[in-house]
Amino acid sequence: RGVYNPDRLRGRGCWYDSERVVVHLGDRLLVDGETVPIEKFESKFIYEEGGHVDPPINEPLTDQEIQAIIQATQLVNWEVPAHADCLLGWICDARVSGSNEWRAHCHVTGRFGSGKSTVLRDICAFLLGDFRHIFLGLSTEPGIRSKIKNDSIPCLFDEAEGGDKRMNQQRVEQVIDFIRQNSTETGGIIAKGSASHIPTSFSTRCNFMIFSIDTPIKNKADESRIT
């Protein structure tokens, strides 16, 4: 079988594999639109079984259906109307996270009651279907990383408030740092040590959308990667 290399693991999501488009649904693959059992697919990568997610719609939407989605996003009280287009652009990009060399991230910010939860629940989560992770504000970087594992599906991070407490700010800053590392495809991995002195490694290939009242993004490297 050869030497096992955990760097070749691939979880759920959309990938390129030797000029083939592979959509990993957890219990099976869609390879260029055709269903293939995971164990039957020949590849240098290891597609790891996971919880089932429903496949994306195979048929393109009609112009009328697309217009309805566009109009729905424009109902949000955006400070800049063009941000409705940014939101839809992010959703389209995020659905194919793992196949991109560059992954965009967005931050939806606004005062209490301005509609952030509506954007998350009724637009993003609805249009992404099963192809998403949703994390709440108390989530930590190790927790998010452990949940994502090797998936390449979009992530929604709600209530990402830094707050006044130093520990809370550090926790959010660590999550933002992790999000930044998801931006570009370099072929590198993130290695973490453990109490047993056995390192764990993982790749990061997810688009993130952050929701908060405050803006936890503070340095230039994050500002250049998060819209």
No-hydrogen, no-angle side-chain donor-acceptor test under 3.5 Å, [X] and [Y]:
| X | Y | result |
| --- | --- | --- |
| T227 | H107 | no |
| Q67 | D63 | no |
| N207 | N182 | no |

Just so I know, are the side chains of [X] and [Y] near enough to count as touching, which here means a heavy-atom distance under 4.5 Å?
| X | Y | result |
| --- | --- | --- |
| V31 | V21 | no |
| V108 | L120 | no |
| H133 | L156 | no |
| H105 | I226 | yes |

Exercise: identify the closest heavy-atom pair between F135 and I148: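 Smallest heavy-atom distance, with atoms named: CZ-CG1, 4.1 Å.
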Assess the residue pair M209 and C124 against the criterion (side-chain contact (heavy atoms from CB on, under 4.5 Å)); give the C-alpha distance rounded to whole Å, side-chain angles, the decisive distance to 0.1 Å, and a yes or no. CA-CA 9 Å; M209 181 166 283; C124 295; 3.6 Å; yes
Salt bridge D151-R12, side-chain N to carboxylate O under 4.0 Å: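 Counted as a salt bridge, because a side-chain N and a carboxylate O are separated by less than 4.0 Å.
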In terms of ring plane angle, is the pair W78 and H83 parallel, tilted or perpendicular, where the classes change at 30° and 60°?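 Rings of W78 and H83: perpendicular, over 60°.
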Angle class for the F45/Y47 ring planes (parallel below 30°, perpendicular above 60°, tilted otherwise)?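 Judged by the thresholds at 30° and 60°, the geometry between F45 and Y47 is perpendicular.
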To the nearest 0.5 Å, how far apart are CG in L127 and CG in L87?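 Between L127 CG and L87 CG, I get 8.0 Å after rounding to 0.5 Å.
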Count the heavy atoms belonging to other residues, nucleotides or ligands that lie under 6.0 Å from [atom1] of [X], then report whether that count exceeds 12.
| X | atom1 | value |
| --- | --- | --- |
| E39 | CD | yes |
| N5 | CG | yes |
| E79 | CD | no |
| D32 | CG | yes |

Please evaluate residues L61 and I69 with respect to the criterion side-chain contact (heavy atoms from CB on, under 4.5 Å), reporting the C-alpha separation (whole Å), side-chain torsions for both, the decisive distance (0.1 Å), and the verdict. CA-CA 10 Å; L61 298 176; I69 293 174; 3.7 Å; yes
Derivation of the side-chain contact (heavy atoms from CB on, under 4.5 Å) call for I66 and T62: CA-CA 6 Å; I66 292 172; T62 65; over 6 Å; no
Given D177, which of R180, E173, Q174 fulfils the side chain to side chain contact (heavy atoms under 4.5 Å, CB included) condition?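 Option passing the side chain to side chain contact (heavy atoms under 4.5 Å, CB included) with D177: R180.
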Decide if the gap between the ring center of F157 and the ring center of F211 is smaller than 6.0 angstrom.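 No, too far apart.
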Please lay out, stage by stage, how R103 and C206 fare under the test side-chain contact (heavy atoms from CB on, under 4.5 Å). CA-CA 7 Å; R103 281 166 284 278; C206 296; 5.6 Å; no
